Each structure stands twice: as C-alpha cells, then as structure tokens.
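Structure, as structure tokens:
Numbers restart at 1 for each chain; the letters A, B, ... are given by sequence-line order, proteins then strands. Just so it is clear, the structure is predicted and the values come from calculations on it, not from any experiment.
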Amino acid sequence: MGPQYWWPGESRFEVIVGAVLTQNTSWKNVEKAIANLKKSNLMNIKRLTNENGKNIATLIRPSGFYNIKTRRLKNLLNYLKTRFGSDLRKASCISTGVLRKELLAVNGIGKETADSILLYAFNRPVFVVDSYTKRVLARHKMLRGDEEYDEISKIFYESLPEDAGLFNEYHALIVRLCKEFCYAVEPLCGKCLLKKL
DNA sequence: GACCAGGCACATC
DNA sequence: GATGTGCATGGT
C-alpha cells in the first residue's frame with residue numbers, strides 16, 4: 001500500500017506534543033489543538049517551555065482533558081529541559097532503554113506515549129501498542145483480552161526484525177486497517193455490511 | 001442524548 | 001495485583 005508517512009507531524013517536537021495530546025482522544029481534536037499552538041507560534045520547545053500553563057490550557061482545549069494535559073506537557077518539557085537543555089538532538093547519544101525509562105518516570109507519560117515518542121520522534125525500534133493494535137490482534141484471536149502492554153509488544157518483537165522503519169509502517173497500516181475497515185467489536189457491523197454490499 | 005476517541009495516575013480494596 | 005474513577009472536548 002506504499003509508505004504511510006507516519007507520524008503526522010512537521011517536526012520532532014510536534015510529534016512529542018501530539019503524543020501527549022492524543023491520550024484517549026481522537027486525532028481530529030488534537031489537530032485543532034496543534035493548530036492553535038502553531039497559530040500562537042508555540043510549536044517550539046523553548047517557547048512552549050516558557051509559556052504559562054493557563055494560556056497553554058486555553059489553546060489545547062479542543063483536545064480535551066486540557067488541564068491535566070497541560071500539566072503533563074509541562075512535566076515532559078521540564079524533563080527535556082533539564083536533560084537535554086531543550087535540544088532534542090542531544091537525545092541521540094542515549095540508549096533506547098535508558099530513554100524509555102526516563103520518559104516513563106515523567107508523570108503523565110505512560111508506556112504508549114513513551115513508545116510513540118521513541119518511535120516517531122526519535123526513530124527508535126520500538127513497537128507502539130495502542131487501542132488500534134489491541135483491536136486488530138483481538139479480532140484475529142491473537143489476544144485473550146487480559147494481556148499487559150509489554151506482553152502484547154512482545155508478540156511483535158518476537159515476530160519481526162528490529163527495525164524502526166518497519167515498526168513505523170506496520171503500526172501505521174494497523175491504524176489504516178481500523179479506519180478503513182470495520183474493526184469494531186462485532187465481526188461486521190451493519191454499516192460496514194452495507195458498504196460491502 | 002448517548003457513545004466514542006491513538007491514556008494515565010491515583011484511590012481503594 | 002485488580003478494579004474503579006476522574007479528567008473534557010467534539011464528532012456521530
């Protein structure tokens with residue numbers, strides 16, 4: 001199906017911001033929040049780090065959970081500032097394992113958000129397990145349903161070569177599958193049945 | 001008006 | 001360790 005060009009974002013920093021904003025939120029809403037930040041010239045690590053929380057919260061409002069997401073962004077920005085002096089290029093000399101551990105230590109950054117940042121912002125060979133991933137595996141009876149995050153990612157690590165580019169495309173295709181075809185809970189919902197006919 | 005969307009932390013048992 | 005809950009908007 002050709003390259004999917006993921007993650008949708010113009011810069012590494014934009015990917016990082018989007019990873020937090022999209023927590024339990026549709027990407028459509030996140031796009032509005034990102035557009036607001038860009039309009040205010042705040043899609044920049046140093047400027048956003050120095051911006052007051054109240055204004056950030058107002059701008060990211062469309063993405064929902066705006067107060068808690070503002071706090072999470074602040075926590076993450078604070079880590080990036082103390083660790084890299086807000087220069088993301090400095091992350092290149094840190095091992096993926098260490099980077100992941102540090103990201104997970106930031107309050108508000110869980111496994112999926114950390115892995116999204118690692119893969120899509122830092123190009124590390126990490127497989128992202130999100131609700132799309134789980135849905136596809138579940139529909140193909142590859143999950144019982146009570147597996148933990150690391151247990152699910154293990155399926156991919158044990159089946160695929162460790163390759164960031166491959167993991168990127170693979171996950172993007174899983175998402176495309178979910179969006180273009182019916183991967184809801186039921187085997188085939190009425191709407192998709194009609195579409196098929 | 002109900003339900004859902006690319007989570008996470010925290011309280012409680 | 002497992003389960004429940006708050007966080008909030010916008011689209012269908």
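When distances run from any side-chain atom of A:Lys32 to the nucleotides B:dG6, C:dG10, B:dG7, the shortest one goes to C:dG10. Side-chain proximity of A:Glu148 to the nucleotides C:dG11, B:dG6, C:dA2 is greatest for C:dA2. Listed nucleotides C:dT9, C:dG10, B:dC8 differ in distance to A:Arg61; the shortest reach to its side chain belongs to C:dT9. Among B:dC8, C:dG10, B:dG6, the nucleotide with an atom closest to any side-chain atom of A:Asn29 is C:dG10. Nearest nucleotide to the side chain of A:Arg72, out of B:dG6, B:dA5, B:dG7: B:dG7.
When the C1' atom of B:dG7 is taken as reference, atom CG of A:Leu103 falls 15 Å away, rounded to whole Å. Computed from coordinates, the A:Glu31 CD to B:dG6 C1' distance equals 12 Å when rounded to whole Å. Rounded to an integer number of Å, the gap from CD1 of A:Ile174 to C1' of B:dG6 is 12 Å. In this entry the distance linking CH2 of A:Trp27 with C1' of B:dC4 reads 18 Å, nearest Å. Atom pair A:Leu118:CG and B:dG6:C1' shows a separation of 16 Å (rounding to whole Å applied). Here C:dC7 presents its P atom at 10 Å from CZ of A:Phe65, a figure rounded to the nearest Å. A:Arg71 places its CZ atom 15 Å from the P atom of C:dG6, with the value rounded to the nearest Å. Here B:dG7 presents its P atom at 13 Å from CG of A:Asp115, a figure rounded to the nearest Å.
Judged purely by atom type and a 3.5 angstrom limit, A:Ser116 has no side-chain atom pairing as donor or acceptor with the backbone of A:Ala19.
The side chain of A:Thr25 contributes no N or O atom lying less than 4.0 Å from OP1 or OP2 of B:dG7. Within the 4.0 Å cut-off from OP1 or OP2 of B:dG7, at least one side-chain nitrogen or oxygen of A:Asn24 is found. Between C:dA8 and A:Asn67, a contact under 4.0 Å exists linking OP1 or OP2 to a side-chain N or O. In terms of phosphate contacts, A:Lys69 brings no side-chain nitrogen or oxygen within less than 4.0 Å of OP1 or OP2 of B:dG7. Taking 4.0 angstrom as the limit, A:Arg135 places a side-chain polar atom (N or O) nearer than this to OP1 or OP2 of B:dA5. Contact annotation: A:Tyr66 does not reach the phosphate of C:dA8 (side-chain N/O to OP1 or OP2, under 4.0 Å).
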Check step by step if side-chain contact (heavy atoms from CB on, under 4.5 Å) holds for A:Thr133 and A:Val128. CA-CA 8 Å; A:Thr133 311; A:Val128 177; 5.7 Å; no
Begin with the C-alpha distance, continue with both residues' side-chain angles, and end with the deciding distance and a verdict on side-chain contact (heavy atoms from CB on, under 4.5 Å) for A:Leu48 and A:Phe13. CA-CA 10 Å; A:Leu48 195 62; A:Phe13 184 59; 3.7 Å; yes
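Nucleic acid contact class of A:Lys111 (heavy atoms, under 4.0 Å, all strands): sugar-phosphate only. A:Ser63 comes within 4.0 angstrom of nothing in the nucleic acid, heavy atoms only.
When all heavy atoms of A:Asn36 and A:Leu59 are compared, the pair lying nearest together is ND2-O, 2.9 Å. The two residues A:Trp6 and A:Asn168 come nearest to each other via the heavy atoms O-ND2, 3.1 Å.
Straight-line distance between the P atoms of C:dT5 and B:dG6: roughly 24 Å, to the nearest whole Å.
For A:Tyr120 and A:Val106, each mapped to the nucleotide of DNA chain B holding its nearest heavy atom, the one lying further toward the 5' end belongs to A:Tyr120.
Below 30°, between 30° and 60°, or above 60°: for A:Tyr120 and A:His171 the angle between ring planes is between 30° and 60°, a tilted geometry.
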